[in-house]
There are 2 protein chains.
Amino acid sequence: MLLKRRTTLKDVAARAGVTYQTVSKVINGRAQVLPETEARIWEATRALGYKPSHTARSLRVQRSLMIGYSWVPTRPDQANHILDMFLGSMIEEAEAVGYHLLPFPYREGDAQVNGYRELIDSGRVDGFVLSSVNYDDPRIRFLQERQYPFVAFGRSNPAIYFPYVDVDGAAGLRLATEHLLSLGHRRIAVLAWPAGSQVGDNRLSGFLAALAAAGVPKRPEWMVRAEGTFEAGRAAAARWLAGDPSERPTGIVALNDTLALGASRAAQERGLLPGRDLAIVGFDDAPMAQYVWPPLSSVRQPIRLAGRKCVEVLVALLEGRTPAATQVLLTPELVVRASSGQQQI
Amino acid sequence: MLLKRRTTLKDVAARAGVTYQTVSKVINGRAQVLPETEARIWEATRALGYKPSHTARSLRVQRSLMIGYSWVPTRPDQANHILDMFLGSMIEEAEAVGYHLLPFPYREGDAQVNGYRELIDSGRVDGFVLSSVNYDDPRIRFLQERQYPFVAFGRSNPAIYFPYVDVDGAAGLRLATEHLLSLGHRRIAVLAWPAGSQVGDNRLSGFLAALAAAGVPKRPEWMVRAEGTFEAGRAAAARWLAGDPSERPTGIVALNDTLALGASRAAQERGLLPGRDLAIVGFDDAPMAQYVWPPLSSVRQPIRLAGRKCVEVLVALLEGRTPAATQVLLTPELVVRASSGQQQI
DNA sequence: TACTGTCAGGCGAACGTTCGCGCGAACGTT
DNA sequence: AACGTTCGCGCGAACGTTCGCCTGACAGTA
């Protein structure tokens, strides 16, 4: 497809009767020019529809004004209901401060770091936003070695310092647990993830803290660590609920909604209705939480805020400003629906 | 943050004992060089970890190798479970052919086109992928006027020609309807969207075609056009199911899963179990379809394939090759679950 | 020997910016 | 009247590539 040549500084300059360097100055606000010259120049840029070439500018100033971002794809049967909001908010915030996002493919294992390396070496991005970070994340190590700026969405080993934005998962589970405690529940079980995940451990700690604060002893058999799947939640809850009614859990909190929905299903398979016969609280507030029966109480993360903060902190770093805080912890909120029995069902 | 200077062609050239232009030739495969010189050059690029500067190359060849993409954000309570797959597949395909995606914020109304214009004028992208296209889409008109390359994910007015990739929604609803017909259903209702949406009209036409082909007369009162929300589906189904049992619909197809789930709820509120007492089929195969009770039969779109195709066609256009086809129609598949009564529940 | 052809690689220019100086004219100061 | 000081703008260079043309050496032919 043949395109007419783009309009450049020189075109504008010719029309305004100055040299192109002067136009550049005016456009960048570093001008010492007569008001009337400036007016002519602006008039010319408008008339010609001139926009500076990002590529040329970027070459000259040796900065790409781009932020690299890659995410681990979810399994086909699961939804990443967060991506829309997270990406969207990052893109908006970035554009507002003159940046753009460069999404790049996720790669498995050792190859993962190569994706980051290539973008650095080819000068395509000025920094990165990481997500799905975990303990000993190889990307963090690599970027710190190369001294390349990044912000992580999520925390890693407490011992290493790096800029991050995270949602306080412990606070979230504390909220969920305290909710059940306040409704009078004392026999509360938890559906957790396998040990070794930063997010999982963190959320679980909130559950334990809430129990401890209320003086309710924890019962190891009521803490299941399994894959975060529907079936895992269903199986664990089925076991719990098979016990003596006066001795089984009356409340269940889960580290994500899928687990919680599995538990809800298990309960209903035994003829127990969540919200009436037991209470269930999930985490993530996936959109389906409101459409299932009974609607699922859940913990909602301020995702859009997180996305904005990630970009805000990173850009501050890139521009050499010291950000207000380089480690940001956001507080989630509890969304109470019928499954935890607060509302009539 | 201070970065060490990037390594450039000149660094490589110095190490290999040639001029930088020669290195450039070797790297781009346009070289007439002695095998041993070439070897030295490759060795040097590896040793120095050289990657060509994308910015400089892009300035020189006057192409950004970027594809613009913007999507309309979903309401906070709804999920865009497709975005992950669609974006991911586009990014992968793009990278494989040397391109990257540039996501940019969606804007409302007249401002929408400005986002596209700015990217064109600043030379940031070589072309666009559009999604959520509808009749009389202003972006299509604009891009055609500017003669800027694009591929639409979705169709628009039949009268105007442009390259697109789309999922055959009519075929999808035909699949769903024929499924119910084959199970013996003759009284089938449909939950559709308000008229005027290309996607909605197209899907609905598949329903009507299937009925006609089976010689089943359509009943206007069993065709509701409403917002695609849970409540709308629930309300419409509640009205239908309130009628005389021998005269009410025994099957319901919906243009999306949210409507279908609303219908499923309405049924259960009347003590009717989908899959036993009536059959329900949705569209989109949202992840929640498998977690609700009873699991929802639904039509699944080949989203990853669509993403890849969009990029493939666009890049062919950009490189001046004539793509195999500039209008691609993909066929969805039916995923049968308990709600349509095929399986035991 | 002189002429032609090929091979390997050098050379200059250009892509569209930004940036630091430089320079003449107008103005004010001694 | 001679001399600084601003003001307003121009000038040259540089960012890291790619591209077409040029050239020097060598070999083959007449």
Review point. Touch check for T37(A), heavy atoms < 4.0 angstrom, all strands: base, sugar-phosphate only, or nothing?
Key: sugar-phosphate
Review point. Is a side-chain N or O of R139(B) found less than 3.5 angstrom from the main chain of Q112(B), in a donor-acceptor match?
Key: no
Check your understanding: Do the charged groups of D121(B) and R146(B) touch, with an N to O distance under 4.0 Å?
Key -> yes
Practice item. Compute the bend angle of the helix from dT1(C)-dA30(D) to dT30(C)-dA1(D) from the end axes (five pairs per end), rounded to 10°. Key: 70°
Exercise for review: Just call it for L34(B): base, sugar-phosphate, or nothing, with non-hydrogen atoms closer than 4.0 Å on any strand.
Suggested key: sugar-phosphate
Point to revise | Proximity of Y148(A) and Y116(A) rings by center, below 6.0 Å | key: no
Point to revise | Heavy-atom donor-acceptor pair, S89(A) side chain to R304(A) backbone, under 3.5 Å | key: yes
Point to revise | Test side-chain contact (heavy atoms from CB on, under 4.5 Å) applied to T55(B) - qualifying residues, sequence neighbours left out | key: T55(A), S58(A), L59(A), S53(B)
Review point. Given atom CD of E38(B) and atom C1' of dA8(C), what is their separation to the nearest angstrom?
Key: 12 Å
Study note, to complete from the structure: The contact string for nucleotides 17-27 of chain C, one letter per nucleotide 5' to 3', using protein heavy atoms under 4.0 Å with B, S and - for base, sugar-phosphate only and none, comes out as BBBBB------
Practice item. Mind calculating the distance between CZ (R40(B)) and C1' (dA8(C)) to the nearest angstrom? Key: 12 Å
Check your understanding: Does the side chain of I67(B) come within less than 4.5 Å of V129(B)'s, by heavy atoms?
Key -> yes
Practice item. Measure from the ring center of Y69(A) to the ring center of F86(A) and say whether it is less than 6.0 Å. Key: yes
Point to revise | Pairing of R124(A) and E118(A) as salt bridge, 4.0 angstrom limit | key: no
